Chemist: 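Quick one: this structure, given as structure tokens, is what I'll be asking you about.
Everything numeric in this text was worked out from a predicted model, so none of it was measured.
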Amino acid sequence: MIEGPEYVEHYVDFVDGIKYRNQLLDGYIFKFRGESSGAEDVLKFALNAEVAPIGPNFTTRTIEYLGEMADIGLTYRP
């Protein structure tokens, strides 16, 4: 767990063999903001995972963020 100025982050590192939608994961991160309902789930895929085919399994939703409406959903950073 890491407590930063904006988020509290919980890290889970996986050993070989943990998969999501048949793709290997290296870890999972749960971030949340204290005193708010803001949170984020992060799946860390293995370097050899094929992430593009599972993108359609994620949905996007619209939320109010800092007084404006924002679409949130899947973000992929290789």
Chemist: Is there a side-chain contact (heavy atoms from CB on, under 4.5 Å) between Ile63 and Arg61? Walk through the geometry before answering.
Modeler: CA-CA 7 Å; Ile63 64 165; Arg61 63 188 170 116; 3.8 Å; yes
Chemist: Return the set of residues passing side-chain contact (heavy atoms from CB on, under 4.5 Å) with Glu68 (not counting sequence neighbours), or none when no residue passes.
Modeler: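 Checked Glu68 against side-chain contact (heavy atoms from CB on, under 4.5 Å); zero matches.
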Chemist: Which pairs of donor and acceptor atoms, one on a side chain in residues 39-57, lie under 3.5 Å apart (sequence neighbours left out)?
Modeler:
residue: Asp41; atom: OD1; partner: Tyr28; partner atom: OH; Å: 2.4
residue: Asn57; atom: OD1; partner: Arg21; partner atom: NH1; Å: 3.3
residue: Asn57; atom: ND2; partner: Ile54; partner atom: O; Å: 3.2

Chemist: Can you list the residues that meet the side-chain contact (heavy atoms from CB on, under 4.5 Å) rule with Thr62, with sequence neighbours excluded?
Modeler: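 So Thr62 forms a side-chain contact (heavy atoms from CB on, under 4.5 Å) with Met69, Asp71.
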Chemist: Are Met1 and Ile29 co-members of a hydrophobic cluster defined by side-chain heavy atoms under 4.5 Å apart?
Modeler: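 Looking at the clustering, Met1 is in a separate group from Ile29.
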Chemist: Excluding sequence neighbours, so at least two apart, what forms ring-ring contact (aromatic ring centres under 6.0 Å, His included) with Tyr20?
Modeler: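 Applying ring-ring contact (aromatic ring centres under 6.0 Å, His included) to Tyr20 gives Phe58.
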Chemist: Could you grab the distance from atom CD of Glu9 to atom CD of Glu3, nearest 0.5 Å is fine?
Modeler: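 The CD atom of Glu9 sits 10.5 Å away from the CD atom of Glu3.
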Chemist: What residues form a side chain to side chain donor-acceptor pair (under 3.5 Å) with Gln23, not counting sequence neighbours?
Modeler: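 If we apply the side chain to side chain donor-acceptor pair (under 3.5 Å) test to Gln23, skipping adjacent residues, there are no hits.
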Chemist: When you look at Ile2 and Tyr11, which way does the side-chain contact (heavy atoms from CB on, under 4.5 Å) test go after all the steps?
Modeler: CA-CA 8 Å; Ile2 296 175; Tyr11 287 82; 3.7 Å; yes
Chemist: Please list, chain by chain and in numerical order, all residues satisfying ring-ring contact (aromatic ring centres under 6.0 Å, His included) with Phe30, sequence neighbours excluded.
Modeler: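 Expected list: Phe32.
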